[in-house]
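Report on one structure; see the data block that follows.
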Amino acid sequence: MSRLWNFSAGPAALPQPVLERAQRELLDWQGCGASVMELSHRGKLFMGLAQQAEADLRELLAIPENYAVLFLQGGATQHFAQIPMNLASEGDSADYVVTGHWGEKAASEAAPYVKVNVAASSKGEHYLRVPPRDTWQLDPRAAYVHYTPNETIHGVEFHDIPQVGDVPLVADMSSDILSGPIDVTKFGLIYAGAQKNIGPSGLVVMIIRRDLLERAARPMARIFRYADHAANDSMLNTPNTWGWYLAGLTFQWLKEQGGLAAIGERNAAKASLLYDAIDHSDGFYRNPVAHDSRSRMNVPFTLHDSALDADFLKASEAAGLLALKGHKALGGMRASLYNAVPLDAVQALVSFMQDFAKRHG
């Protein structure tokens, strides 16, 4: 069976070398006669894996020692609620910059635990751009400022890190983490569901400044408290050992690719190729997002005639191009170009789109 080009928004494509290595090691990992999923997370072998995965991630992102790295369970949605539980005390407010579906959901899920101030939103513009920084209404007394650097559904991305003063900046990087270099020191907390650029679903990677772990939080069970997870090396309870293992393999693969500078250049080239094809299709394909806010990771687009959508999807799948159907909230098409999607896949997509336009234009 041959693998097809996978443009899924998440769970998404994993690097083929990672999958092939996991396949080889599935029944007998490290010569121990058992799968990594069958071993104690507190055993010497798995503890070594966990330490190496953290070390590789720290190297890739140049994470300073005053930041803790956590490998947690759940998805980013769980942490929409858990972040205010940990970073805000009773009666505190937090600023939210909303640029799409996930930012909107983050604010909604935080509301039971913190006074949510929507400091900026592009909802009135149908989430087609990042709101200009001079329009943001930030509160210098806020517990934190939350934003979503890349909106998976709407295809909107911040291309720089916003300046928010001394208030800790919190970022849901589920769909753009490890897609290029970032300055971790500009953030108080970074979190990311694994299923787009890290590994399988069910794992969340968090990078949190250690002083934020010391904030006086409200009463809660230990399992919800980030400080307790950090004090126990992310093993307060049995972790997602399979997800952690695959994340570690992905970090090693990224290092083999030349690190985040190299992968960032590759991602920029892929996105440029696809946007160029859309913009030069004489209106057959359209992407409505403001050019300065276009995402490198998720490219939504429509056909000039929505009656062709079903034919496009059927023909694209027959051509070996998977998961191009757009999110139900927007319709149309969407191609997700995460790290594991090679340039060859985007070239194949562009060739198909050009041929389809010739046949149906």
Side-chain angles (χ1 to χ4, degrees), residues 66-68 75-154 156-177 182-193 204 206-218 220 224-227 290 292-293 295:
N66 66 319
Y67 285 76
T77 301
Q78 173 180 317
H79 295 275
F80 292 165
Q82 212 166 323
I83 284 168
M85 290 169 65
N86 280 266
L87 298 191
S89 299
E90 297 282 353
D92 281 354
S93 67
D95 290 338
Y96 279 74
V97 178
V98 179
T99 52
H101 172 87
W102 296 110
E104 189 175 324
K105 190 170 184 180
S108 175
E109 294 296 312
Y113 306 101
V114 71
K115 295 178 181 177
V116 171
N117 171 45
V118 177
S121 173
S122 55
K123 187 173 185 176
E125 300 176 84
H126 307 289
Y127 295 134
L128 295 179
R129 63 176 301 177
V130 170
R133 177 63 183 83
D134 60 7
T135 67
W136 297 13
Q137 301 295 314
L138 296 176
D139 181 355
R141 299 164 299 176
Y144 58 88
V145 178
H146 182 285
Y147 83 121
T148 310
N150 184 76
E151 281 284 355
T152 317
I153 294 174
H154 292 88
V156 172
E157 182 178 10
F158 285 76
H159 293 293
D160 54 14
I161 300 171
Q163 300 297 314
V164 296
D166 294 330
V167 177
L169 183 62
V170 173
D172 172 9
M173 288 192 180
S174 294
S175 56
D176 65 335
I177 194 169
I182 59 167
D183 184 352
V184 171
T185 66
K186 302 293 185 183
F187 298 89
L189 186 155
I190 294 167
Y191 66 113
V204 169
M206 180 173 289
I207 304 163
I208 181 169
R209 213 171 61 210
R210 294 187 190 276
D211 64 287
L212 297 179
L213 295 171
E214 300 169 4
R215 284 193 169 184
R218 68 199 69 211
M220 71 182 86
F224 298 128
R225 195 182 300 279
Y226 296 146
D292 62 358
S293 300
S295 168

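Index from 1, following the sequence. Because the structure is predicted, anything quoted here is derived from the model rather than measured.
Once rounded to the nearest 0.5 Å, the distance linking CZ of Arg210 with OH of Tyr226 reads 16.0 Å. The CD1 atom of Ile208 lies 5.5 Å from the CG atom of Leu87; values are rounded to the nearest 0.5 Å. The CG atom of Leu169 sits 11.0 Å away from the OG1 atom of Thr185 when rounded to the nearest 0.5 Å. Taking OG1 of Thr152 as the start and CD of Glu157 as the end, the distance is 10.5 Å to the nearest 0.5 Å.
Side-chain atoms of Ser93 do not come within 3.5 Å of backbone N or O of Lys115 as any donor-acceptor pair. Panel note: side chain Asp92, backbone Pro84; no donor-acceptor pair is recorded below 3.5 Å. A donor-acceptor distance shorter than 3.5 angstrom exists from the side chain of Asn86 to the backbone of Phe224, with no hydrogens or angles considered. Judged by distance alone, the side chain of Glu109 and the main-chain N or O of Ala81 form no donor-acceptor pair under 3.5 Å.
In terms of heavy-atom proximity, Leu128 sits nearest to Val156 at C-CG2, 4.1 Å. Minimum interatomic distance between Ala110 and Tyr96 (heavy atoms only, all atoms of both residues): CB-OH, 3.1 Å. The shortest non-hydrogen separation linking Met206 to Leu189 is SD-CD1, 4.0 Å. Looking at every heavy atom in both residues, Pro149 comes nearest to Asp172 through CD-O, 3.2 Å. The two atoms that bring Arg225 and Arg218 nearest to each other are NH2-O, 3.7 Å, heavy atoms only. Heavy-atom minimum distance, Gly193 versus Ser174: N-OG, 2.9 Å.
In this structure the side chain of His79 reaches within 4.5 angstrom of the side chain of Val204, judged on heavy atoms. Using a 4.5 Å heavy-atom threshold, the side chains of Tyr147 and Asp95 count as separate. Annotation: side chain of Leu212 is not in contact with side chain of Tyr144 (no heavy-atom distance under 4.5 Å). Put simply, the side chain of Ile182 reaches to within 4.5 Å of the side chain of Met173, judged on heavy atoms.
Side-chain contact, Ser295 with Asn150: a donor N or O sits under 3.5 Å from an acceptor N or O.
Residue pairs meeting the side-chain hydrogen bond (donor to acceptor under 3.5 Å, both in side chains) criterion with at least one partner in residues 127-136, sequence neighbours excluded, are Glu104-Tyr127.
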Which atom pairs, donor and acceptor, lie under 3.5 Å between side-chain atoms of residues 159-168 and protein residues at least two apart or in another chain?
from	atom 1	to	atom 2	distance (Å)
His159	NE2	Arg294	O	2.7

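Not counting sequence neighbours, Tyr67 has no partner by the ring-ring contact (aromatic ring centres under 6.0 Å, His included) test.
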Exercise for review: Check the pair Lys123 / Val98 against side-chain contact (heavy atoms from CB on, under 4.5 Å), numbers first and verdict last.
Suggested key: CA-CA 8 Å; Lys123 187 173 185 176; Val98 179; 5.9 Å; no
As a quick check of understanding, evaluate side-chain contact (heavy atoms from CB on, under 4.5 Å) for Ile83 and Tyr191, giving each step before the final call. CA-CA 10 Å; Ile83 284 168; Tyr191 66 113; 3.3 Å; yes
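Note on ring orientation: taking the six-membered ring where Trp is involved, the planes of Phe80 and Trp102 are tilted (angle from 30° to 60°).
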